[in-house]
Amino acid sequence: MLQTGKDCPVAEFESEFERNLFALRQEKLDAIAALGQARYPNQYRTTHTIAAVRAQWGETPAETLNGTAEQPVERVVVSIAGRIMAIRAQGKAGFAALQQNGERLQMYVRQDAVGEAGYALYKLLDMGDHIGVTGYLFRTRTNELTVHVETLTFLAKAMLALPEKYHGLADVELRYRQRYVDLFANLDSREVFVKRAKILRAIRRFFDEREYLEVETPMMQPIAGGAAARPFVTHHNALDLDLFLRIAPELYLKRLVVGGLDRVYEINRNFRNEGVSTQHNPEFTMLEFYQAYANYHDLMDLTETLIAQVAQEVNGTTVVEFNGHTIDLARWQRLTMVEAVRQYWPVAAGECPDLTALSGKALYELFEQHVEHRLIQPTIIHEYPTEVSPLSKAKPDDPAHVERFEFFIGGFEVGNAFSELNDPVEQRRRFEQQLAAREAGDDEAHQMDEDYVRALSYGLPPTGGEGIGIDRLTMLLTGSRSIRDVILFPLMRPEAQRQEMQGEQAADGGAEA
RNA sequence: GAGCUCGUAGCUCAGUCGGUAGAGCAACGCACUUUUAAUGCGUGGGUCCUGGGUUCGAUUCCCAGCGAGCUCACCA
């Protein structure tokens with residue numbers, strides 16, 4: 001019965017199950033075409049989205065929709081489309097759940113309503129198929145809002161089996177690799193990305209209202225600057241030019257402030273050639289913003305307002321559950337680094353050392369080791385040692401510290417801000433220090449950026465700048481423990497490579513034997 | 001990069017103290033015109049991640065590799 005010789009366009013179907021299923025679905029497509037339906041029609045006109053139907057009639061009671069024999073009502077006719085996520089045949093009738101744009105609506109088909117051809121089509125439908133239906137709304141005995149189908153239109157076929165309908169797609173690797181399945185099979189996953197878009201909208205609205213200009217600066221840069229990180233290298237063929245994927249937009253954004261764009265922000269990808277973890281993906285989305293005539297104190301206020309406002313707008317509350325903690329994004333504390341180390345010093349580590357006697361670097365290490373992961377509630381840490389802050393401006397009355405803060409939520413850093421260094425002579429000096437570090441083997445040290453020094457030489461006004469990790473903020477606002485759960489297609493090792501390597505290994509083994 | 005854990009049907013998972021494997025969903029057939037994890041009966045589907053070793057015999061034990069998750073390191 002199965003035509004195993006049928007063309008199969010997907011080379012990876014090596015299992016008999018998938019090959020047979022694919023062939024079977026091809027035959028069903030043929031049968032559907034024989035009923036006069038197009039195999040892959042180009043359009044379908046709906047009158048409503050499923051969300052619109054739910055919004056308008058979701059609360060309408062059964063008696064209003066269904067009427068009675070004595071008191072018939074005018075039927076509400078709608079035309080909707082969606083993917084079949086559940087299907088139940090019952091003799092000469094059947095139900096199916098249509099899912100469209102993350103919302104579901106049930107449909108009811110009976111042969112005496114759609115005719116023999118219509119019901120023949122229904123019987124050829126599978127889980128995952130896309131269809132359009134026209135019919136009237138009613139409520140079933142169990143009070144479920146349902147479309148009583150009068151016309152059934154085939155739209156597209158699922159040639160592969162859907163994940164288990166109760167558990168969905170649970171394998172995290174498959175969820176990341178085949179996000180297209182994850183998104184329609186696990187609506188929770190879809191919700192994360194819908195929320196991510198809302199977060200971005202809220203952030204843009206926040207800055208637009210404050211007369212910041214959204215800009216886009218180069219992602220391919222001849223000198224990768226603005227952060228301490230190893231870049232990815234790429235090459236421009238026509239210009240025969242090596243370029244780096246940016247590790248930060250920082251130096252370009254400050255050039256724009258020199259140019260008189262007093263308030264700018266950019267939301268885009270940064271690329272850092274480092275390992276992956278639950279908090280790191282090689283490409284990640286960063287918000288950076290710069291404000292002329294502001295210093296880091298202004299940015300602290302702005303940050304607290306921003307985070308609370310985005311949470312409120314996206315979640316309707318500033319309280320989030322994250323990793324077993326209840327966090328209020330509207331309640332902040334501000335501590336100097338010294339205060340934070342004193343306050344969060346773990347008793348298990350013995351007595352807290354005399355922090356004033358420590359070098360800046362040693363203090364920072366204590367902070368990272370003992371304090372950072374314990375900063376669950378929103379916390380701004382300020383007064384950073386100059387030694388660990390090569391890009392920020394020293395405090396006027398205290399050259400050992402810089403005007404810098406970072407903020408932490410849920411145990412990790414979410415943002416980093418400072419009063420920008422705007423003295424070109426000092427900037428050149430620091431670049432030269434970085435060059436020396438580079439010579440000494442530090443491949444994360446900055447290269448000299450002559451043009452940036454030149455830009456500063458035209459005069460950068462006193463400026464505050466800040467970077468906020470959007471992926472991490474999204475993790476907090478969606479309760480996601482891994483950054484990969486808030487990135488649609490996180491970096492994964494390709495499976496093709498795996499097969500090749502296994503092939504090589506097999507070849508080697510054969511040679512040895 | 002290091003440590004720990006995992007990899008069995010399309011999906012979700014059992015299991016084999018070493019004798020080549022099961023369930024549910026999905027698929028196929030039959031019945032069923034208000035079901036909703038529909039139901040009932042029947043059928044098919046597996047290189048047990050890959051390679052090697054030990055063994056009469058490996059999906060199981062050992063080694064190596066590949067992939068993934070978690071923790072750590074680097075970073076934001």
Side-chain angles (χ1 to χ4, degrees), chain A residues 1-2 13-22 24-25 62 66 85-97 104 106-113 119 126-128 138-144 146 148 158-178 181 185 227-230 247-248 270 272-282 284-288 368 372-373 406-408 412-416 444 467-473 481-484 492-495 497-510 512-513:
Chain A
M1 191 186 80
L2 296 178
F13 297 162
E14 289 179 6
S15 80
E16 190 179 344
F17 174 88
E18 287 209 336
R19 242 183 301 116
N20 287 345
L21 186 64
F22 203 95
L24 195 67
R25 299 272 161 105
N66 298 2
M85 294 303 288
I87 188 162
R88 298 175 287 278
Q90 278 195 299
K92 299 277 183 281
F95 290 90
R104 288 191 182 189
Q106 179 170 269
M107 53 170 256
Y108 176 58
V109 183
R110 43 192 295 166
Q111 188 173 56
D112 53 20
Y119 200 70
D126 292 295
M127 296 265 285
F138 78 111
R139 283 188 186 276
T140 62
R141 280 176 199 158
T142 51
N143 206 37
E144 171 125 7
T146 303
H148 197 294
M159 310 299 283
L160 296 171
L162 263 51
E164 215 254 6
K165 65 180 168 189
Y166 189 58
H167 298 94
L169 191 66
D171 184 303
V172 286
E173 182 176 353
L174 281 178
R175 289 184 47 229
Y176 300 151
R177 287 192 195 279
Q178 301 183 25
V181 178
R230 277 151 56 197
I247 55 175
N270 288 346
R272 298 190 183 174
N273 208 335
E274 277 145 13
V276 299
S277 79
T278 49
Q279 280 152 38
H280 300 84
N281 194 64
F284 63 100
T285 300
M286 181 94 129
L287 158 70
E288 279 203 17
E368 286 193 312
E372 178 169 349
H373 66 279
E406 293 187 308
F407 68 98
F408 301 81
F412 53 77
E413 183 191 342
V414 180
N416 180 19
E444 293 188 355
I468 294 178
I470 296 300
D471 311 282
R472 290 185 177 179
L473 182 60
R481 294 186 65 164
S482 170
I483 199 168
R484 291 180 211 109
M492 304 286 278
R493 284 194 167 84
E495 287 182 300
Q497 183 183 325
R498 173 185 178 181
Q499 286 170 2
E500 279 166 29
M501 303 216 28
Q502 284 175 353
E504 284 167 24
Q505 193 185 356
D508 291 350
E512 278 166 24

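This one's a predicted model, so the numbers in the text were calculated from it and none came from an experiment. Naming: A, B, ... by sequence-line order, numbering from 1 per chain.
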Visitor: Across all strands shown, which nucleotide pairs with B:rG18 by Watson-Crick or G-U wobble geometry, both distances under 3.5 Å?
Guide: none
Visitor: Within the structure, does a side-chain N or O atom of A:Ser15 lie under 4.0 Å from either OP1 or OP2 of B:rG10?
Guide: yes
Visitor: Where does the angle between the aromatic ring planes of A:His148 and A:Tyr108 fall among parallel (under 30°), tilted (30 to 60°) and perpendicular (over 60°)?
Guide: perpendicular
Visitor: Counting only heavy atoms from other residues, nucleotides and ligands, does the tally under 6.0 Å from CZ of A:Arg481 exceed 12?
Guide: no
Visitor: Given 3.5 Å as the limit, does a donor-acceptor pair link the side chain of A:Tyr119 with the main chain of A:Ala93, or not?
Guide: yes
Visitor: Can you tell me if A:Phe17 is stacked onto the base of B:rG45, using a 5.5 Å centroid cut-off and an angle below 30°?
Guide: no
Visitor: Checking base pairs now: Watson-Crick or wobble, both atom distances under 3.5 Å. What partners B:rA64?
Guide: B:rU50
Visitor: Both A:Glu406 and A:Phe138 contact RNA chain B. Taking the nearest nucleotide for each, which residue is further toward the 5' end?
Guide: A:Phe138
Visitor: Checking only heavy atoms, does the side chain of A:Arg141 share a donor-acceptor pair with the base of B:rU34 at less than 3.5 Å?
Guide: no
Visitor: A:Thr278 side chain N/O closer than 4.0 Å to the phosphate oxygens (OP1, OP2) of B:rU71?
Guide: yes
Visitor: Which part of the nucleic acid, if any, lies within reach of A:Gly415 when heavy atoms closer than 4.0 Å are counted: base, sugar-phosphate only, or nothing?
Guide: nothing
Visitor: Indicate whether OP1 or OP2 belonging to B:rC66 is found under 4.0 Å from a side-chain N or O atom of A:Arg493.
Guide: no
